[in-house]
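In what follows, a structure is listed as structure tokens, so that the remarks can point back to it.
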Amino acid sequence: MSRDQHRSSGSSATTRRKLLSTGAIGVAAAATAAGALGTPAAAQDTSTGVTAQPSLEPTGEFSGQCAFITGGARGIGYACAEEFARAGANIVLYDIAGNIDTVNYPLATEQDLATTKSNIEALGVKCIAIKGDVRDSIKLEESVARTISEFGRLDILVVNAGVTHVGVLDEFPDEEVQTVIDINLTGAIKTTQAALPIMRRQNAGRIVMISSILGRIGNENFSVYASTKWGLIGFAKSTALAMATHNVTCNSVCPGWVRTKLADNDYILNAVSPENPNFEAVSEAAAASYHPLPMGAYEPVDIARVVKMFCGQATAMVTGEVFDISQGQNARFNA
Ligand SMILES: NC(=O)c1ccc[n+]([C@@H]2O[C@H](COP(=O)([O-])OP(=O)(O)OC[C@H]3O[C@@H](n4cnc5c(N)ncnc54)[C@H](O)[C@@H]3O)[C@@H](O)[C@H]2O)c1
């Protein structure tokens, strides 16, 4: 079996939508409703009986907040940026926007980053797009400083940038192993380190780390990638403990197979399905044979809605959690 596998089309896509409308999306909708409860209520002055009206500030759940998203130029990061922007947050996109020799498929381009920035701005919020590598602590610190100088705050951190790697374990070149660890794990640590001083000073913040279903189970073909995603959960739980008294939450989200270029590329598809290296076919096969829910791939927005849930009112007192959005595969876990 491959990694975060699977599909959607025709009748199974319809089934999938029906399932999600009562599942993950329903949870996100509940979070949004709870967020609305957090908006200022009309207050009654008991001495006069006059009811003061709430202020006429923008009503989006995240209006005036700022979300910093690594790997934001495309895929799940872009979907998160859109979700938060639609809810009123200003956005910082931090993305390498260029290829890495030791990653075997193309990463986002400068054009992707520029297009995402203009799409986010078209939603009526501000957006800063930064070409930067999560392996570069100095650039991350400069970017956080720029965020504070332009937006005055950093409320939400989505630790999302990541790369994948597949193949036979004893054939992995050292440089490729090191790149996956440096980006997925050390890069996540560096990203978080850059943001923590601000969140501590604010005495507020939400951090969401994008792990994977492969941070919950092993996979013989994705052993290094899986190791980093398991490690990321340990780091997220530790961050939750370190920052709890500073009113900062940190939770992990573990997606299954998602329709992004991390999964839908020749390198991955040839490795997981050499006889038919096609994203739809791989997704369909997983839906039929491996996924408990009768569905293939998630769309990136499905993951983004869960990320948003962990930054809303409903989860204000939730930290150190691990949330699987993995086609029901966690029903197979033993705890
Ligand atoms: N697609 C899936 O099936 C799936 C499943 C589970 C988890 N994930 C995780 O979701 C996250 C987002 O992945 P995606 O599926 O959207 O893939 P993607 O390749 O579409 O997006 C990843 C983004 O990260 C950027 N990036 C890569 N290395 C970087 C670096 N060193 N510094 C800064 N930016 C960098 C890329 O340019 C790209 O824009 C990753 O952490 C991935 O492991 C994906």
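We're numbering straight along the sequence, starting at 1. Computed from heavy atoms alone, side chains included, the values below leave out hydrogens, waters and symmetry copies. Atoms within a ligand are numbered from 1 in the order they appear, just like the ligands themselves.
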Atoms of ligand 1 close to [X] [distance to a heavy atom under 4.0 angstrom, numbered from 1]:
X	answer
Gly132	32 (N), 33 (C)
Asp133	30 (C), 31 (N), 32 (N)
Gly75	16 (O), 20 (O)
Val163	27 (C), 28 (N)

Between [Y] and [X], do the side chains contain a donor N or O and an acceptor N or O under 3.5 Å apart?
X	Y	result
Glu176	Asn104	yes
Asp112	Thr109	yes
Gln111	Thr115	yes
Ser273	Glu275	yes

Would you check if the side chain of [X] reaches a backbone N or O of [Y] as a donor-acceptor pair within less than 3.5 Å?
X	Y	value
Arg206	Gly312	yes
Thr116	Ala73	yes
Asn270	Pro277	no
Gln202	Ala204	yes
Asn90	Cys66	no
Lys117	Ile130	no

At a non-hydrogen distance cut-off of under 4.0 Å, which region of [X] contacts ligand 1 (side chain, backbone, both, or neither)?
X	value
Val258	both
Arg259	neither
Ile183	side chain
Ser211	backbone

Close approach, [X] and ligand 1, non-hydrogen under 4.0 angstrom:
X	result
Thr164	no
Tyr225	yes
Asp95	yes
Gly72	no

Going by the closest heavy atom to [atom], which one wins out of [options]?
atom	options	value
atom 13 (O) of ligand 1	Asp112, Ile325, Leu262	Leu262
atom 16 (O) of ligand 1	Ile76, Ile213, Leu113	Ile76
atom 22 (C) of ligand 1	Gly77, Pro255, Ala97, Gly162	Gly162
atom 9 (C) of ligand 1	Leu232, Leu214, Ile210	Ile210

Looking only at distances, can you tell me whether any N or O atom of Ala263, backbone or side chain, sits closer than 3.5 Å to an N or O atom of ligand 1?
no
Nitrogen or oxygen of Leu107 less than 3.5 angstrom from that of ligand 1
no
If you count heavy atoms of other groups shown closer than 6.0 angstrom to CG of Asn203, is the number above 12?
yes
